[in-house]
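Since the structure comes first, as structure tokens, the remarks are kept for the end.
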Amino acid sequence: MRKKIVAGNWKMNKTFDDAYELVEKIADEMEHLATPSVDVVVCPPYPFLEMCGDLSQESFFAVGAQDVSAHESGAYTGEVAAPMLASMGIDYCIVGHSERRAYHNESNEEIADKVKQLLANDIRPIFCCGEKLPEREAGTQFKVVEKQISESLFGLTADEFGDVVIAYEPVWAIGTGKTATPQQAQEMHAFIRSLIAKQYGSHVADNATLLYGGSCNAKNAKELFANPDVDGGLIGGASLKADDFLTIVQSF
Ligand code: PEP
């Protein structure tokens with residue numbers, strides 16, 4: 001049975017005190033929630049990883065980073081390497097988010113290198129893919145997503161691929177309040193699963209966790225997660241409020 005996951009991407013939000021308050025509330029509530037079948041992941045900015053890791057110890061959530069360097073170590077000022085994250089006990093890391101692709105010109109090849117760095121350090125990549133609005137309007141969304149996935153992930157062995165989580169995040173839905181319909185999400189998730197089956201076989205595809213991201217919130221999560229190929233969500237804005245995030249965690 002594949003894992004269900006709800007991951008919160010805080011992006012570049014919160015000061016230390018605000019972050020502490022938010023994650024403390026999540027930690028307190030998580031102890032009372034009966035959601036053993038859902039893995040909950042909190043992805044704060046780098047400076048708050050250690051604090052979130054400390055608060056997660058007694059609780060039932062994992063901590064993820066929002067990005068990682070494509071390099072192992074060296075003269076890359078401002079970057080953070082996978083071995084550093086591993087040495088802090090970080091479990092997950094988002095890679096290929098559309099904001100990184102757009103503002104930092106990340107290519108599929110660079111993202112492939114980041115994925116490899118993470119896997120070499122036992123950190124599960126949450127690999128983001130998704131089409132922009134003009135691409136959906138032109139009907140090319142499947143081609144776009146296939147290229148992103150095949151160029152960044154299909155160089156992995158089946159074993160390596162087994163640790164990757166894929167987040168389908170249509171760019172037109174991120175932070176816009178314009179959520180994909182449950183049908184649009186299901187259609188793309190089924191397509192992604194079929195790509196994985198073609199590459200690695202149906203066993204690997206059946207076990208792959210596929211998240212939906214893009215204006216998923218406390219009101220629409222249930223309907224999105226009810227789809228057979230939607231195994232949870234990558235949540236941006238709604239992960240910044242503990243009550244909303246925890247409602248989403250319980251939306252299966
Ligand atoms: C995201 O940034 O990964 C995301 C899904 O954002 P939002 O939920 O705010 O659309």
Side-chain angles (χ1 to χ4, degrees), residues 4-14 18-19 22 26 38-46 48-49 52 61-68 90-104 106 111 114-115 118 124-133 135-136 141 144-145 148-149 152 164-182 184-186 188-189 192 209-225 227 229-252:
K4 298 204 179 298
I5 297 176
V6 173
N9 174 16
W10 293 8
K11 311 194 191 198
M12 197 176 72
N13 290 295
K14 306 279 178 195
D18 294 341
L22 172 57
I26 292 170
V38 185
D39 279 2
V40 176
V41 186
V42 168
C43 301
Y46 288 135
F48 310 147
L49 284 172
C52 290
F61 63 92
V63 178
Q66 296 177 15
D67 187 37
V68 70
I90 298 303
D91 304 299
Y92 289 86
C93 182
I94 297 168
V95 278
H97 192 281
S98 64
E99 288 150 17
R100 302 287 318 172
R101 292 177 190 263
Y103 308 141
H104 300 270
E106 286 192 7
I111 297 162
K114 293 184 175 203
V115 168
L118 292 171
R124 294 191 73 182
I126 300 176
F127 170 85
C128 302
C129 57
E131 80 286 357
K132 300 186 189 109
L133 186 58
E135 293 165 338
R136 175 151 290 258
Q141 66 270 26
V144 169
V145 168
Q148 290 171 333
I149 291 178
S152 293
V164 176
V165 175
I166 294 181
Y168 168 58
E169 300 206 304
V171 181
W172 47 269
I174 297 180
T176 58
K178 244 195 220 168
T179 320
T181 63
Q184 286 171 323
Q186 169 57 26
M188 183 58 84
H189 282 226
I192 293 171
T209 296
L210 308 182
L211 310 183
Y212 169 78
S215 298
C216 180
N217 58 40
K219 289 206 176 95
N220 59 29
K222 219 179 188 93
E223 214 186 343
L224 286 160
F225 297 172
N227 288 288
D229 287 295
V230 178
D231 308 311
L234 179 56
I235 317 298
S239 71
L240 296 171
K241 288 191 186 141
D243 291 344
D244 286 356
F245 184 61
L246 291 163
T247 300
I248 296 169
V249 167
Q250 298 172 88
S251 295
F252 290 94

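As the structure lists them, so they are numbered: ligands from 1, and atoms in each ligand from 1.
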Practice task
Out of G213, G236, G175, indicate the one that has the non-hydrogen atom closest to atom 10 (O) of ligand 1.
Solution key: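 Answer by nearest heavy atom: G175.
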[X] neighbourhood, listing ligand 1 atoms whose heavy-atom distance to it stays under 4.0 Å:
{"X": "S215", "value": "7 (P), 8 (O), 10 (O)"}
{"X": "N9", "value": "1 (C), 2 (O), 3 (O)"}
{"X": "L234", "value": "3 (O), 5 (C)"}

Handout entry: Minimal non-hydrogen separation, N217 against A238, with atom names
Key =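 Closest approach of N217 to A238, heavy atoms only: CA-CB, 4.1 Å.
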Exercise for the section: Mind checking whether C128 contacts ligand 1 via backbone (N, CA, C, O), side chain (CB onward), both or neither, at a 4.0 Å heavy-atom cut-off? Expected result: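 For C128, there is no contact with ligand 1 at all, from either part.
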Exercise for the section: Please work out whether any backbone atom (N, CA, C, O) or any side-chain heavy atom from C-beta onward of I174 is under 4.0 Å from ligand 1, and answer side chain, backbone, both or neither. Expected result: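 For I174, backbone and side-chain atoms both sit under 4.0 Å from ligand 1.
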Practice task
Could you check if a side-chain atom of H189 sits within less than 4.5 angstrom of a side-chain atom of N227, using non-hydrogen atoms only?
Solution key: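 They are not in contact (no side-chain heavy atoms under 4.5 Å apart), so the answer is no.
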Practice task
Would you check if H104 and D67 make a side-chain contact, meaning some heavy-atom pair closer than 4.5 Å?
Solution key: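 Not touching, per the 4.5 Å side-chain cut-off.
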Handout entry: Any S239 heavy atom less than 4.0 Å to ligand 1
Key =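 Under 4.0 Å: no for S239.
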Handout entry: ligand 1 contact by A238, heavy-atom criterion under 4.0 angstrom
Key =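 Under 4.0 Å: no for A238.
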Please say whether more than 12 non-hydrogen atoms of neighbouring residues, nucleotides or ligands are located less than 6.0 Å from [atom1] in [X].
{"X": "K11", "atom1": "NZ", "answer": "yes"}
{"X": "E223", "atom1": "CD", "answer": "no"}
{"X": "K14", "atom1": "NZ", "answer": "yes"}

